[in-house]
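Just so it is clear, the structure is predicted and the values come from calculations on it, not from any experiment. For reference, positions follow the sequence shown, starting with 1. Just so you know, these numbers use all the heavy atoms, side chains as well, and skip hydrogens, waters and symmetry mates.
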Amino acid sequence: MFLLKRLKCDCILFSIGGVAYALLEILWRRKTHWTMAVTGGSCFLTIFRIYKKFPKLCLRSKCLIGGAVITLMEGICGFIVNVKCKLNVWDYSNCTLNFKGQICPFYSMLWILLCIPISGICKLLCKNKKII
């Protein structure tokens with residue numbers, strides 16, 4: 001029973017993150033790719049689990065950890081989707097200090113800032129025991 005409830009929670013969290021990230025990307029770039037929904041879902045689920053496991057973390061720490069998670073997952077996804085599969089979903093080659101066009105400091109800073117509302121959403125979800 002526990003595993004079924006955990007799977008249901010993870011599906012809900014993954015869906016929230018996937019939909020939210022795809023919508024955010026559509027607002028930012030006017031387009032998205034299905035792999036971004038998968039990446040966003042994975043990021044949100046991972047960040048939620050970290051925040052839930054360490055509820056006493058200050059907001060600054062949560063944002064830095066969350067930004068690192070998103071940057072790492074973006075890098076992994078980028079190497080699979082853009083480099084290996086050659087889908088060219090994004091390219092940060094023109095950004096300063098980019099790493100092989102897949103991650104860059106500018107977007108890492110945006111991910112850190114994005115973790116401010118993510119932290120609040122996670123806190124609300126933790127309070128709602130019926131969903132999570």
Side-chain angles (χ1 to χ4, degrees):
M1 191 65 167
F2 170 76
L3 289 176
L4 196 57
K5 184 177 180 182
R6 174 76 184 249
L7 180 61
K8 179 185 169 193
C9 289
D10 287 354
C11 287
I12 291 169
L13 293 167
F14 185 89
S15 298
I16 290 168
V19 169
Y21 187 79
L23 290 173
L24 186 66
E25 190 170 50
I26 289 168
L27 288 171
W28 184 262
R29 294 187 340 145
R30 307 280 191 260
K31 63 181 180 174
T32 192
H33 190 267
W34 67 268
T35 57
M36 296 296 86
V38 172
T39 305
S42 300
C43 289
F44 187 73
L45 177 59
T46 302
I47 291 168
F48 179 87
R49 292 288 171 217
I50 292 169
Y51 289 2
K52 189 171 182 181
K53 186 171 177 106
F54 302 102
K56 303 264 188 221
L57 284 172
C58 68
L59 182 61
R60 182 181 347 172
S61 295
K62 286 180 176 181
C63 290
L64 290 172
I65 290 167
V69 166
I70 297 169
T71 300
L72 177 66
M73 290 213 186
E74 182 181 44
I76 292 167
C77 179
F79 281 107
I80 293 168
V81 171
N82 294 328
V83 177
K84 292 287 183 191
C85 297
K86 299 186 187 327
L87 294 177
N88 300 318
V89 176
W90 74 89
D91 183 3
Y92 296 150
S93 294
N94 62 343
C95 296
T96 306
L97 301 174
N98 75 84
F99 182 72
K100 300 194 178 200
Q102 303 312 303
I103 59 174
C104 71
F106 174 75
Y107 281 95
S108 293
M109 291 304 297
L110 289 181
W111 305 146
I112 290 168
L113 293 174
L114 181 63
C115 287
I116 295 170
I118 287 174
S119 177
I121 292 166
C122 289
K123 188 180 274 188
L124 288 173
L125 289 171
C126 281
K127 285 182 182 179
N128 189 342
K129 299 294 182 192
K130 291 179 185 175
I131 297 175
I132 306 300

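Between Tyr21 and Gly40 the shortest heavy-atom distance is CB-CA, 3.8 Å.
The CG atom of Leu4 lies 11.0 Å from the CZ atom of Phe2; values are rounded to the nearest 0.5 Å. How far SG of Cys104 is from CG of Leu97: 9.0 Å, rounded to the nearest 0.5 Å. Note that OG1 of Thr39 is 9.0 Å distant from CH2 of Trp34, once rounded to the nearest 0.5 Å. Atoms CG and CD1, from Leu45 and Ile50 in turn, are 10.0 Å apart once rounded to the nearest 0.5 Å.
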Donor-acceptor pairs are to be reported for all side-chain atoms of residues 55-73 against protein atoms at under 3.5 Å, with residues two or more places apart or in another chain.
residue, atom, partner, partner atom, Å
Thr71, OG1, Gly67, O, 2.8
Thr71, OG1, Ser108, OG, 2.9

Please list, one pair per line, the donor and acceptor atoms closer than 3.5 Å that link side chains of residues 9-16 to other protein atoms, with sequence neighbours excluded.
residue, atom, partner, partner atom, Å
Asp10, OD1, Arg49, NE, 3.4
Asp10, OD1, Arg49, NH2, 2.4
Ser15, OG, Cys11, O, 2.8

Can you list the steps and then say if Cys77 with Trp90 is a side chain to side chain contact (heavy atoms under 4.5 Å, CB included)? CA-CA 11 Å; Cys77 179; Trp90 74 89; 4.0 Å; yes

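A single hydrophobic cluster is not seen to contain both Phe106 and Ile103; linkage of ILVMFWY side chains at heavy-atom distances under 4.5 Å, directly or through other members, places them apart. Leu24 is connected to Met36 through a chain of hydrophobic side-chain contacts under 4.5 Å among Ile, Leu, Val, Met, Phe, Trp and Tyr, so both are in one cluster. Linking ILVMFWY residues whenever their side-chain heavy atoms come closer than 4.5 Å, directly or via other members, leaves Ile26 and Leu114 in distinct clusters. Taking hydrophobic clusters as Ile, Leu, Val, Met, Phe, Trp and Tyr residues chained together by side-chain heavy-atom distances below 4.5 Å, Val81 does not share a cluster with Phe79. Ile118 and Trp28 fall within a single hydrophobic cluster, where Ile, Leu, Val, Met, Phe, Trp and Tyr side chains are chained together by heavy-atom contacts under 4.5 Å.
Here side chain to side chain donor-acceptor pair (under 3.5 Å) pairs that include residues 110-124, with residues two or more places apart or in two chains, are Glu74-Trp111. Within the structure, every pair that satisfies the side chain to side chain donor-acceptor pair (under 3.5 Å) test and touches residues 94-105, not counting sequence neighbours, is listed here: Asn82-Gln102. Screening residues 20-46 for salt bridge (Lys or Arg N to Asp or Glu O under 4.0 Å), with sequence neighbours left out, gives Glu25-Arg29.
Listed by chain and number, the residues in a side chain to side chain donor-acceptor pair (under 3.5 Å) with Asn88 amount to none (sequence neighbours excluded).
Counting heavy atoms from C-beta on, the side chains of Ile76 and Ile80 come closer than 4.5 Å.
Between Tyr107 and Tyr92, the angle of the ring planes stays under 30°, which puts this pair in the parallel group of the 30/60° scheme.
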